[in-house]
Amino acid sequence: MSYLCHRAHVFASSAMLLAATSASAEMVTLYDGGFTRVSAGAKVAEHCQVEGYRSADNWAEATSHLTLKQDAASSEVSVTLDNARPDTLFTIWLMLAGKTPDGESFGGSPLMKSGATPLIATADLSEAVAILKSPRTEVTNGFITDSDGNGSVTLYLDYPIVGGAYPFQRYDRFDATDPAYTHDTPRAIPVAITGKSSGAPFTLRLASHCGDNLHDGLVAGQHEPWFDWLAD
């Protein structure tokens with residue numbers, strides 16, 4: 001990324017942060033409580049038991065708290081994690097896929113063949129695409145736990161989560177004339193965020209990256225689910 005592009009990105013992100021912060025007082029708190037620990041912790045047991053970070057019970061005492069505020073056009077998401085694996089990258093993901101009552105799958109990211117997308121503002125989409133082939137440790141949608149296994153992040157998003165949709169049409173590098181986007185491969189359009197009524201496994205997921213502490217942008221890469229939250 002060039003210096004000017006970087007400065008423009010920083011300015012845009014800062015402006016969004018200031019606007020979101022001032023507007024947060026007007027948001028409605030829709031959830032303020034704990035995440036649910038993922039019961040099938042096989043990946044945590046397999047990938048996170050490395051020298052120096054062994055836990056016979058897979059960090060059974062780990063807890064995570066979620067506060068979700070939103071208005072008609074934006075959301076504020078705060079996540080804290082305590083007593084988890086130390087010095088480890090954790091990221092937060094947003095579910096976009098679900099199932100109809102007759103079991104037919106729908107939704108998912110139009111930019112990637114996946115049912116979830118990183119919990120980021122649309123201003124950060126281009127960067128998330130850019131690092132697909134150059135994973136990094138610094139992420140927007142997460143944090144690295146400290147030596148005690150604690151971490152936190154607050155995200156300001158330009159779309160509502162509950163009853164909302166991810167506005168992929170704001171992706172600034174999307175080419176609507178690209179012949180690859182056909183009837184079977186939808187264009188970058190808003191995609192509904194899923195919850196219980198959509199048959200989704202989660203709405204928000206907190207996952208670790210114990211293997212390499214790297215993040216691959218729009219895809220999770222090797223990761224281990226820790227906590228889920230499913231919207232009503």
Side-chain angles (χ1 to χ4, degrees), residues 13 17 31-68 75-97 109 112 114-121 124-125 127-157 161 166 200-231:
S13 297
L17 174 62
Y31 186 79
D32 187 0
F35 265 100
T36 300
R37 183 73 185 263
V38 176
S39 58
K43 285 191 175 182
V44 173
E46 178 184 357
H47 298 156
C48 298
Q49 301 294 335
V50 298
E51 189 65 32
Y53 297 118
R54 296 190 180 276
S55 174
D57 59 4
N58 297 319
W59 290 274
E61 295 183 357
T63 58
S64 186
H65 188 276
L66 166 68
T67 302
L68 170 63
S75 303
E76 178 184 320
V77 177
S78 296
V79 172
T80 60
L81 176 65
D82 296 301
N83 301 314
R85 188 178 188 268
D87 304 316
T88 301
L89 175 66
F90 282 79
T91 54
I92 308 169
W93 297 83
L94 181 67
M95 194 69 186
L96 301 174
S109 168
M112 303 296 298
S114 61
T117 198
L119 187 66
I120 56 176
D124 296 314
L125 267 175
E127 182 177 3
V129 171
I131 68 173
L132 280 169
K133 296 182 179 180
S134 58
R136 61 185 63 177
T137 56
E138 301 83 4
V139 297
T140 300
N141 64 315
F143 51 83
I144 295 178
T145 52
D146 62 19
S147 59
D148 294 319
N150 304 326
S152 64
V153 67
T154 295
L155 304 172
Y156 301 98
L157 309 168
I161 290 179
Y166 195 99
F202 63 87
T203 299
L204 298 176
R205 167 165 286 180
L206 181 62
S208 64
H209 300 262
C210 293
D212 53 15
N213 268 351
L214 292 176
H215 178 40
D216 294 284
L218 285 183
V219 294
Q222 179 180 305
H223 67 285
E224 304 83 28
W226 282 62
F227 291 94
D228 285 350
W229 178 74
L230 188 58

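At distances below 3.5 Å, not a single donor-acceptor pair connects side-chain atoms of Ser64 with backbone N or O atoms of Phe35. With hydrogens and angles ignored, the 3.5 Å screen pairs a side-chain donor or acceptor of Ser75 with a backbone N or O of Ile161. Of the possible polar contacts, one joining the His209 side chain to the Gln222 backbone as a donor-acceptor pair under 3.5 Å is found. Panel note: side chain Glu224, backbone Cys210; a donor-acceptor pair is recorded below 3.5 Å.
Inspection of the Gln49 and Asn58 side chains reveals an N or O donor paired with an N or O acceptor under 3.5 Å. For the residue pair Thr36/Asp228, the side-chain donor-acceptor check at 3.5 Å is not satisfied. Between the side chains of Asp57 and Ser55, at least one donor N or O lies within less than 3.5 Å of an accepting N or O.
Here the shortest heavy-atom pairing between Val219 and Asp216 reads O-CB, 3.4 Å. Residues Ala128 and Ile120 approach most closely at CB-CD1, 3.8 Å, considering heavy atoms. In this structure, Val153 and Leu155 approach most closely via the heavy-atom pair CG2-CD2, 3.8 Å. Counting all heavy atoms, side chain and backbone alike, Trp93 lies closest to Gly217 at CH2-O, 3.6 Å. In terms of heavy atoms, Ser152 sits closest to Thr80 at CB-CG2, 3.8 Å.
A distance of 12.5 Å separates CZ in Arg205 from CG in Leu94, rounded to the nearest 0.5 Å. Atom CG of residue Asp148 and atom CG of residue Asn83 lie 8.0 Å apart, to the nearest 0.5 angstrom. Going from atom CZ of Arg37 over to atom CG of Leu206 covers 10.0 Å, rounded to the nearest 0.5 Å. With rounding to the nearest 0.5 angstrom, the OG atom of Ser114 is 9.0 Å from the CE atom of Met95. Atoms CG and OG1, from Leu96 and Thr203 in turn, are 10.0 Å apart once rounded to the nearest 0.5 Å. In this structure, OG on Ser208 lies 9.0 Å from CG on Asn213, to the nearest 0.5 angstrom.
Taking 4.5 Å as the limit, some side-chain heavy atom of Asn141 sits within range of a side-chain heavy atom of His215. Phe227 is not listed as a side-chain neighbour of Val79, based on a closest heavy-atom distance of 4.5 Å or more. Counting heavy atoms from C-beta on, the side chains of Pro86 and Tyr53 come closer than 4.5 Å. Between Leu81 and Phe143 there is a side-chain heavy-atom pair separated by less than 4.5 Å. The closest side-chain heavy-atom distance from Val129 to Leu218 is below 4.5 Å. Looking at Trp59 and Cys48, their side chains come closer than 4.5 Å, going by heavy atoms from C-beta outward. In this structure the side chain of Asn150 never reaches within 4.5 angstrom of the side chain of Thr145, judged on heavy atoms. Side-chain atoms of Leu157 and Val77, non-hydrogen and from C-beta on, do get closer than 4.5 Å to each other.
Taking Thr88 as the reference, Arg85 meet the side-chain hydrogen bond (donor to acceptor under 3.5 Å, both in side chains) condition, with sequence neighbours excluded. Looking at residues two or more places apart in sequence or on another chain, you find a ring pair (Phe, Tyr, Trp, His ring centres under 6.0 Å) between Tyr166 and Tyr159, Phe168.
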